[in-house]
Amino acid sequence: MTQKLLEIKNLSAGIAESGKEIIKGLNLTINAGETHAIMGPNGAGKSTLSYVITGKSDYAVTGGEMLFEGQNLCTLKPEERAALGIFLSMQSPIEIPGVTTQNFLKHSVNAVRKYNNLPELDAAEFLKLLRTAAKEFDVSTDMLKREINVGFSGGEKKRMEILQLSLLQPKLAILDEADSGLDIDALKIVANGVNQWHNQNNSLLIITHHLDLLKRIKPDFVHIYSDGHIVKTGDMALAEELETSGYKNYLKASV
Amino acid sequence: MSLLKQDISLFGDNIPWFEGLREKARKAFERIGLPTAKTEAWKYSYFKEDALNKPQIDETPHECDGHCHDASKLPFAAVELKYCNGKLTHIAHDLPCGIIIRPLYEATEDGEIKPYLNKSFDMEEFPFAALNTAFLDEGLFIVITAGTILNMPIYLHYHQHSGMNRLCNIRNIIVIEKGAKATLIEDFDGESDARYFDNIVNEIYVGTGAILQHYKRQNEASEAHHVAFNSVQVKSGGKYESLIAHGECALARTESCVRLTQENASAEVNGVYRLAQNGVSDITTNIRHLAPHTDSDQLVKGVLDGKAKGVFQGQIHIAPDAQQTTGYQLHRALVLSDGAEVDCKPELEIFADDVKCSHGATSGDLDAEQLFYMQARGIPLAEARQILIEAYLNEVFEKVEDTAVAEWLKGRL
Ligand SMILES: Nc1ncnc2c1ncn2[C@@H]1O[C@H](COP(=O)(O)OP(=O)(O)O)[C@@H](O)[C@H]1O
Ligand SMILES: [Mg+2]
């Protein structure tokens, strides 16, 4: 029996301030255990979709609906969506001067635990959890003491995002260009981390331009996203086709 | 001038030089009067008319059982000194070697205080210091003798009970002799419904090669008025390192005037303020480089919410022969509401040519991208804001050498 995790129905959304529409009638259903990949040209609105799902206030939903385990997402704050199990690995993770990585992660883990009525971890318990995870993602103690993302290289930032995925154990992970700027070793660490977390009960939405990551995290579905909605859905073969012929066959102008 | 009309008797009217000084101060205060909105040095934080015509000097001796100081139990060892309702009520016993602590009246009676009292500033320039001098009666004379390295801070706690609207004039003279090192912590608080006007003057003399770390924390009743003047003089190779932490108060002004009188003297005057009601915080500095090779550095950061107001006035003066001198100053404020206001007035007066000087000021809101990132990691918005505010102010607290003291200073903001 397949279980619907995320259901997006006829979603329209745009920039809150200007009212500019970016997402135009998008439909997407992600069942538990599935991996979906979204590919599409720059500026198509892929990152916007990830922000609309996670509730960033710069964007406004103008139509349709988003359900997460049957619950309406639109009325929930970003922190509530996160605590329910939606994780976004950002295309450009944010630097926060003055807040150490370790401190940031502790606040995050405990906030999610608190929301889910789990006891918060004390300093020692948290440190134990963190050390294990850090080792797995090749993150040094020194890096944990540094301010979160400040002065991190592109690869370090992405590894840190996946470390957070592993700590928070969400039900749905959205990875927005998690592979950009990674060398082969870092790509392996990221892909292994994702695969280790992924199981029958959780799901993945991967936004990427590259086959490398998809070859390591095998998607069940590949969607082509253009002009605010999904124009074609296929499997890994579709991604391979895009690698050779690009998006031109699927853009509005050529239809 | 109603403030001067206090029907009280002060100690020492039989000591001619002392009574003479008070008389001179009364005349000076009568002449210059209270600052108004038109007084340049006070234009952002002048007192409302009625704030200052009611407070009275409290003559009743304070019977303090010590419990009023319990709330401020320290997480570190210190030489503890306490003022309650403006009266000195406690001096630590068993003082470490090399520290002399005497009540003001005692050091006045035998004349020991004479070389220091009112010797570091000109009353004509500082109306509240003139007022303080006119009512000289209470205070401390503290000397750290040459070469003494104090291994625990000197802690001055000032507490105010509710009751009458009190005017408290306190004078502390602090002398750090040649090569000595000490930490002085001042802590101000009061019962939430207390009304008072604290008028504090500290005269601080940092000797050759001596170091004073001076930290102040103030978080008071919403009807409280607080004016403090640190008049500091630093000799050759001496260091004055300070941090002023302002919390709630109707009006709190700390003015630090530091005179670097000899070569290689240096000063750090840092500050933080955090207010969320309708109070005013004013940090005013005046660093006077009077000799070559002198250095000063100032970092002041504030967070304002509600209808609070933050004022920073920073003056750096570099005298003609104070060559090869550095003077840096930076003021930054987070303004979290439309009702809050920040006023910043930097002033550089540079008469030497071979100097490095800079000042800067910024103000803005919390970063929306940072807040969303934290929310996307499950951290509730209010908590995320708190984390960012603490991180913002932390940059200043990091300048405090002793981390236990730094943590404690943060505690009340
Ligand atoms: N906060 C914003 N304010 C204004 N325009 C935005 C904002 N976010 C995205 N856009 C615009 O929306 C479009 C889609 O952007 P984005 O979602 O980042 O595309 P993609 O991730 O597919 O490259 C672009 O034209 C971009 O400039
Ligand atoms: Mg993008």
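A, B, ... follow the sequence lines: proteins, then strands. Residue 1 opens every chain.
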So which part of [X] gets closer than 4.5 Å to some heavy atom of chain A, the side chain, the backbone, both or neither?
{"X": "B/L388", "result": "side chain"}
{"X": "B/E398", "result": "neither"}
{"X": "B/Q370", "result": "both"}

Counting only non-hydrogen atoms closer than 4.5 Å, does [X] touch chain B with its backbone (N, CA, C, O), its side chain (CB onward), both, or neither?
{"X": "A/L168", "value": "side chain"}
{"X": "A/S50", "value": "neither"}
{"X": "A/P170", "value": "neither"}
{"X": "A/N110", "value": "neither"}

Rounded to the nearest 0.5 Å, what separation is found between the [atom1] atom of [X] and the [atom2] atom of [Y]?
{"X": "A/N103", "Y": "B/I387", "atom1": "CG", "atom2": "CD1", "result": "6.5 Å"}
{"X": "B/M374", "Y": "A/H107", "atom1": "CE", "atom2": "NE2", "result": "7.0 Å"}
{"X": "B/R377", "Y": "A/L167", "atom1": "CZ", "atom2": "CG", "result": "10.5 Å"}
{"X": "B/L371", "Y": "A/K56", "atom1": "CG", "atom2": "NZ", "result": "11.0 Å"}
{"X": "A/T54", "Y": "B/F372", "atom1": "OG1", "atom2": "CZ", "result": "3.5 Å"}

(message) How close do A/A82 and B/A376 get, counting heavy atoms only, and between which atoms?
(response) CB-O, 3.3 Å

(message) Below 30° counts as parallel, above 60° as perpendicular, anything between as tilted: where do the rings of A/F104 and B/Y373 land?
(response) parallel

(message) Contact between B/E369 and A/E95 at the side-chain level, heavy atoms closer than 4.5 Å - yes or no?
(response)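 No; the side chains remain at least 4.5 Å from each other.
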
(request) Give the member of B/L381, B/L393, B/I379 that has the highest number of heavy-atom pairs under 4.5 Å with chain A. (result) B/I379

